Amino acid sequence: MKRQIIDTIERYDSIIIHRHVRPDPDAYGSQLGLKMIIQDNYPEKRVFAAGDHDFSLDYLGCPDEVTPQLYEGALVIVTDTANTERIDGSHYFEGAELIKIDHHPDDDRYGTMRWVEPEASATSELIYRLFKEGEQSSGWKMSAEAARLLYAGIIGDTGRFLHPSAGPETFLAAAELVSYGFDRPALHNAMYEMDVPLLKLNGYILQNLHVEDGVGVVKITSETMDEFGVTASDTAKLVGVPGAVKGLIAWVFLIEEEDQIRLRFRSKGPVVNELARRFGGGGHKLAAGASAGNWGEAERAAQALRELCSN
Ligand SMILES: [Mn+2]
C-alpha cells in the first residue's frame with residue numbers, strides 16, 4: 001500500500017492534503033509533514049494543505065489558501081481523519097483521486113485508496129513509515145522541519161510516549177526523527193505551554209473532587225474556567241481524570257456553560273445512561289451526558305448518581 005501511495009503521488013502535479021476539524025498536533029504534523037516531504041522531494045509539484053488555521057498550533061505552521069479550482073485533476077490525500085464529516089474543507093471529493101491515511105478504526109471507508117493502521121500511535125508515525133518506503137525506493141530525503149512536524153504529531157497523540165499506543169515502532173520512529181536535528185527543546189516548550197492550562201485544571205479537579213459513597217462530583221464554574229484560561233470543551237477532555245482515584249466507582253462533572261449546566265457522567269460499573277436520560281440526555285452505559293437548567297437541578301443529578309451507586 002505504501003508503494004502504491006508513492007506511485008500515485010509521483011503521477012500527480014498537484015496534490016492537496018486535508019486533515020480533521022478542530023486539529024491537534026497529529027492532524028497538523030501528518031498533514032504539514034507529508035506536504036513538506038513531497039515538496040522537498042518533488043520541487044516541481046504543487047502541494048497544498050487545506051483547512052482552517054488553528055492559532056494554537058501556530059508553532060507547527062499554517063495551512064494554505066486552497067481555491068476550489070485547484071482540485072481539478074489534483075490528487076487529494078486526507079490524513080488522521082476517520083470519517084468524512086470530520087474532514088476540514090468541503091472540496092476534498094472534487095479531486096481526481098482520494099487517498100485516506102489514518103490510524104483510527106476504519107469505520108468510514110472513504111477514498112479510492114485507503115491505508116489505515118489502527119495499531120499505529122499516530123498518523124504522523126504512518127507518514128514516517130511512508131517516508132521510509134520512499135527513502136528506499138525513490139531516494140526520498142527528510143528535512144529537519146519535516147522531522148519536527150512528524151515528531152510533534154507522535155508526541156501529541158501518545159501524550160509524550162505515555163499512552164499504551166506508543167510501541168517499539170513508535171520509539172524507533174521518534175529516535176530516527178530526532179536524529180534529523182531540529183530544535184527539540186523549543187518544540188517541547190511550545191507544546192508544554194499549550195498544555196499548562198489543562199495541567200493546572202487537572203490539579204484543580206483532583207483537589208476539588210467531592211467524594212461521597214464512592215461517587216465523585218466535580219463542579220466547574222465559568223469563573224474557574226476563566227481563571228485557568230480553558231473552555232467548557234477543554235474541560236470535557238479531562239472528564240476521565242478521576243478514574244485514577246482509588247475507590248471511586250462513578251463520577252459526574254457539573255460544567256457551567258452559557259445557559260445551562262452540562263452533566264458528564266462516567267462509571268466503572270453502574271449503568272449511567274438511564275440516569276442521563278432522566279435528565280434529558282443519554283449516551284453509553286459507562287459514559288453519558290445530560291444538561292441541567294441550573295445548579296439546583298445539577299446537584300439533584302449528582303444526588304441521583306449517589307443513589308444509583310448505593311443500590
Ligand atoms: Mn491522530
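Residue indices begin at 1 and follow the sequence shown. Any value given below was found using the heavy atoms of this structure, including those in side chains, with hydrogens, waters and symmetry copies removed. For ligands, and for the atoms within them, numbers begin at 1 and follow the listed sequence. All of these numbers come straight from a predicted model, not from anything done at the bench.
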Pairs of donor and acceptor atoms involving the side chains of residues 146-163, under 3.5 Å and at least two apart or interchain, shall be tabulated with distances.
{"unit_1": "R148", "atom_1": "NE", "unit_2": "E145", "atom_2": "OE1", "d": "2.9"}
{"unit_1": "R148", "atom_1": "NH1", "unit_2": "Y59", "atom_2": "O", "d": "3.0"}
{"unit_1": "R148", "atom_1": "NH2", "unit_2": "Y59", "atom_2": "O", "d": "2.9"}
{"unit_1": "R148", "atom_1": "NH2", "unit_2": "E145", "atom_2": "OE2", "d": "3.1"}
{"unit_1": "Y151", "atom_1": "OH", "unit_2": "H188", "atom_2": "NE2", "d": "3.1"}
{"unit_1": "D157", "atom_1": "OD2", "unit_2": "H103", "atom_2": "NE2", "d": "3.1"}
{"unit_1": "T158", "atom_1": "OG1", "unit_2": "I154", "atom_2": "O", "d": "2.8"}
{"unit_1": "T158", "atom_1": "OG1", "unit_2": "F161", "atom_2": "N", "d": "2.8"}
{"unit_1": "R160", "atom_1": "NH2", "unit_2": "D195", "atom_2": "OD2", "d": "3.2"}
{"unit_1": "H163", "atom_1": "ND1", "unit_2": "D157", "atom_2": "O", "d": "3.2"}

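- A donor-acceptor contact closer than 3.5 angstrom links the side chains of D40 and S143.
- For the Mn ion (ligand 1), the neighbouring protein N/O/S atoms at less than 2.8 Å, given as residue and atom, are D26 OD2, D80 OD1, H103 NE2, D157 OD2.
- T67 meets the side-chain contact (heavy atoms from CB on, under 4.5 Å) test with Q69, L70; sequence neighbours excluded.
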Just distance, no hydrogens or angles: give the donor-acceptor pairs under 3.5 Å from side chains in residues 196-211, sequence neighbours left out.
{"unit_1": "N208", "atom_1": "ND2", "unit_2": "Y204", "atom_2": "O", "d": "2.8"}
{"unit_1": "H210", "atom_1": "NE2", "unit_2": "E212", "atom_2": "OE1", "d": "3.0"}

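- Classification of R11 and D7 as a salt-bridged pair fails, no side-chain N sitting under 4.0 Å from a carboxylate O.
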*asked:* Quick one, E274 with L308, criterion side-chain contact (heavy atoms from CB on, under 4.5 Å). Give me CA distance, side-chain angles, the key distance, then yes/no.
replied: CA-CA 10 Å; E274 275 301 325; L308 174 78; over 6 Å; no
